[in-house]
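Beneath this line is the structure, given in structure tokens, with notes to follow.
Lettering of chains follows the sequences in order, A, B, ..., and the numbering in each one begins at 1.
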There are 2 protein chains.
Amino acid sequence: MDSDRPLWLRIVEHFRQQISTGELPPGARLPSRPEIMREFGVSDAVAKQAARVLVSEGLAVAKPGSGTYVRSKPQLQRLVRAWYRGNRSGSPFAAEMEAQGRRAAWDYTSRTAQAPTSIRERLGLGEPTGDLPDVLRTEYVFSADGQPVMLSTSWEPLEITRGTPIAMPEEGPHAGRGVAERMLVIGHPIDDWRETVGARLGTAEECAKLAHPQGSVMLTIERVYESRGRVAETADIVLPADLYLLEYSARMGAGE
Amino acid sequence: MDSDRPLWLRIVEHFRQQISTGELPPGARLPSRPEIMREFGVSDAVAKQAARVLVSEGLAVAKPGSGTYVRSKPQLQRLVRAWYRGNRSGSPFAAEMEAQGRRAAWDYTSRTAQAPTSIRERLGLGEPTGDLPDVLRTEYVFSADGQPVMLSTSWEPLEITRGTPIAMPEEGPHAGRGVAERMLVIGHPIDDWRETVGARLGTAEECAKLAHPQGSVMLTIERVYESRGRVAETADIVLPADLYLLEYSARMGAGE
DNA sequence: TCGAATTTGTGCGTATGTATC
DNA sequence: GGATACATACGCACAAATTCG
């Protein structure tokens with residue numbers, strides 16, 4: 001008689017408000033399911049549903065055997081996706097993390113492969129030759145302060161890098177230096193840059209790698225680096241939307 | 001004994017695969033709850049859970065009284081967030097939609113208000129004076145081909161626009177022209193531009209306004225327009241991640 | 001036009017497994 | 001080991017919307 005909204009929604013809204021006002025600070029324990037049943041006079045199914053929604057919204061974390069807790073929201077970090085760091089040395093990620101006073105690190109695995117069609121299109125590759133590999137595919141897991149925070153799969157055409165000292169991104173004298181710097185070494189200065197940003201729910205694998213609950217919202221970036229009108233590298237980047245904001249900016253040319 | 005994964009997850013994965021391979025094409029009807037119970041030998045609760053997950057993942061749409069259907073995924077549209085359209089006339093949104101051959105339209109409501117603190121910070125406003133309004137707040141619902149596709153809340157400091165012919169964004173000779181063009185009219189050329197991109201689950205209100213199922217993933221943009229080092233406008237933009245990709249690009253200066 | 005069958009959404013009660021405290 | 005708490009699972013009931021004869 002109170003309202004026409006579902007019971008579980010009212011409970012969700014009750015806790016949403018308590019969390020947003022700070023009445024329930026991060027880390028605070030929410031009532032257990034039996035407690036919710038008593039306090040709100042609802043059944044177990046309703047308490048369950050409400051808890052699941054709060055968790056799926058990222059407001060709470062459920063710990064079996066312990067309780068359900070208000071999620072401590074790490075401050076949203078801004079990732080500056082601009083190019084004025086072009087002539088710095090070292091990886092852009094490391095520079096960004098250093099600027100925030102965080103410790104950067106990454107794991108990677110590289111292997112040559114034949115590019116799938118979607119990547120072929122982005123790289124401007126022609127038809128594949130037999131099953132000859134034509135790209136170097138490198139998977140990265142980037143970490144900040146020991147926490148995994150970003151996934152990236154990078155594709156470089158072997159056409160460009162084969163036989164050069166930078167053929168393997170993370171080996172040799174230019175290891176860990178970032179794509180732009182490495183390409184410059186072999187005479188392919190990156191002079192154009194394009195990022196396509198989207199968002200979706202993370203796959204189970206992505207959530208696991210990033211130590212996030214299943215179904216977390218992820219930002220996706222398709223990055224393309226060009227050198228003299230030719231694509232020198234492309235990457236698929238995935239990062240948790242609850243950790244990062246992406247910052248793009250441009251100064252307008254006067255006439256343009 | 002088959003696996004240690006939850007029953008509902010196995011059912012979800014079953015349909016996920018059928019959908020991704022096209023075996024279940026967009027618009028196809030999924031089995032009803034009783035059918036799933038029979039086919040998989042599970043209880044009603046499991047069938048329910050599986051259906052809810054498929055819907056929350058955006059793979060299916062549930063129609064009460066009718067059935068659950070594979071969601072027809074509209075092609076992802078790219079929104080170019082760059083500034084080379086600076087000297088075009090008319091609204092950027094209208095131009096973008098026109099370029100895609102779609103019909104653009106928008107509703108709006110404007111009113112003066114006292115800016116909340118987060119907006120004050122972005123606009124660089126000082127302490128509020130009593131409860132005097134100091135911004136014009138305009139809420140937009142943008143539509144393409146009659147479908148709502150984007151929400152935007154725009155904030156303009158009255159300090160700048162008060163008493164000018166463009167004080168009301170959607171009235172007078174410069175109605176519907178876009179912020180940059182309007183600001184230029186009163187001698188505040190937009191010369192810097194910054195967007196902060198994030199993603200999250202849409203609120204119930206946002207999902208309703210955008211005719212999307214509850215809990216859809218949304219892209220969020222915080223846009224700031226500056227004129228001579230001063231913020232002339234800021235906007236909060238929300239758009240469904242299953243409809244749009246955002247495209248940012250930059251040509252690197254040679255030396256930078 | 002009307003009514004019956006179907007289907008989803010919501011809600012209740014109970015039981016078992018497993019992790020935490 | 002015992003109590004507590006969450007995750008999973010079974011079975012049932014009813015309301016509202018849709019479909020179709």
Side-chain angles (χ1 to χ4, degrees), chain A residues 1-15 24 27-71 204 207-208 211-216, chain B residues 1-15 24 27-71 204 207-208 211-216:
Chain A
M1 63 156 128
D2 179 4
S3 153
D4 55 350
R5 282 211 295 280
L7 283 177
W8 61 266
L9 224 192
R10 272 181 272 168
I11 297 176
V12 165
E13 284 169 351
H14 175 260
F15 287 114
L24 277 171
R29 183 155 174 269
L30 297 176
S32 71
R33 286 218 305 254
E35 282 166 348
I36 289 181
M37 289 168 68
R38 283 201 312 275
E39 291 178 22
F40 292 85
V42 296
S43 75
D44 175 66
V46 172
K48 215 175 2 180
Q49 169 99 342
R52 187 177 41 230
V53 170
L54 285 169
V55 169
S56 81
E57 284 181 347
L59 290 175
V61 180
K63 291 186 198 289
S66 172
T68 304
Y69 301 86
V70 178
R71 183 126 172 264
C207 292
H212 265 64
Q214 281 216 4
S216 303
Chain B
M1 60 153 131
D2 178 5
S3 155
D4 55 349
R5 282 210 296 277
L7 282 176
W8 61 266
L9 224 192
R10 272 181 274 170
I11 298 176
V12 165
E13 283 169 353
H14 175 261
F15 288 114
L24 276 172
R29 183 154 175 271
L30 296 177
S32 70
R33 258 176 19 203
E35 282 166 350
I36 289 180
M37 289 168 68
R38 282 203 312 276
E39 291 177 23
F40 293 85
V42 297
S43 75
D44 175 64
V46 172
K48 237 180 333 187
Q49 168 95 342
R52 186 176 40 227
V53 170
L54 284 169
V55 168
S56 81
E57 283 182 346
L59 291 175
V61 180
K63 291 185 199 287
S66 174
T68 305
Y69 301 87
V70 178
R71 183 126 173 262
C207 292
H212 265 64
Q214 281 217 3
S216 302

Rounded to the nearest 0.5 Å, what's the gap from CD on B:Gln49 to OG on B:Ser43? Could you check?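 Separation between the atoms: 10.0 Å.
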
Heavy-atom closest contact ([X] atom, [Y] atom, distance):
{"X": "B:Pro64", "Y": "B:Ala62", "value": "CD-O, 3.6 Å"}
{"X": "B:Ser216", "Y": "B:Cys207", "value": "N-SG, 3.8 Å"}
{"X": "A:Leu7", "Y": "A:Val46", "value": "CB-CG1, 3.9 Å"}

Protein-nucleotide distance ([X], atom [atom1]; [N], atom [atom2]), rounded to Å:
{"X": "A:Leu9", "N": "C:dG11", "atom1": "CG", "atom2": "P", "answer": "9 Å"}
{"X": "B:Phe40", "N": "D:dA9", "atom1": "CZ", "atom2": "C1'", "answer": "16 Å"}
{"X": "B:Arg29", "N": "D:dC20", "atom1": "CZ", "atom2": "C1'", "answer": "13 Å"}
{"X": "A:Leu7", "N": "C:dG9", "atom1": "CG", "atom2": "P", "answer": "17 Å"}
{"X": "B:Glu35", "N": "C:dT8", "atom1": "CD", "atom2": "P", "answer": "8 Å"}
{"X": "A:Trp8", "N": "C:dG9", "atom1": "CH2", "atom2": "P", "answer": "11 Å"}
{"X": "A:Ile36", "N": "C:dG11", "atom1": "CD1", "atom2": "P", "answer": "14 Å"}
{"X": "B:Tyr69", "N": "D:dT18", "atom1": "OH", "atom2": "C1'", "answer": "9 Å"}

Ignoring hydrogens and angles, tell me if any N or O in the side chain of A:Arg33 forms a donor-acceptor pair with the backbone of A:Ala47 under 3.5 Å. no

Is the shortest heavy-atom distance from the side chain of A:Arg10 to the side chain of A:Phe40 under 4.5 Å?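 SC-SC contact between A:Arg10 and A:Phe40 ruled out.
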
Go through [options] for me and flag the one nearest to the [X] side chain.
{"X": "B:Thr68", "options": "C:dT8, C:dT10, D:dC6", "result": "C:dT8"}
{"X": "A:Ser32", "options": "D:dC6, C:dT7, C:dG9", "result": "D:dC6"}
{"X": "B:Arg33", "options": "C:dG9, C:dG11, C:dC12", "result": "C:dG9"}

Consider side chain to side chain contact (heavy atoms under 4.5 Å, CB included). Of B:Leu59, B:Leu24, B:Thr68, which one does B:Phe15 pass it with?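 Checked B:Leu59, B:Leu24, B:Thr68 against B:Phe15; only one passes side chain to side chain contact (heavy atoms under 4.5 Å, CB included): B:Leu24.
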
Of the residues in residues 43-64 of chain B, which ones touch DNA chain C at a heavy-atom distance under 4.0 Å?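 Those residues whose heavy atoms fall under 4.0 Å from DNA chain C, taken from residues 43-64 of chain B in numerical order, are B:Lys48, B:Ala62, B:Lys63, B:Pro64.
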
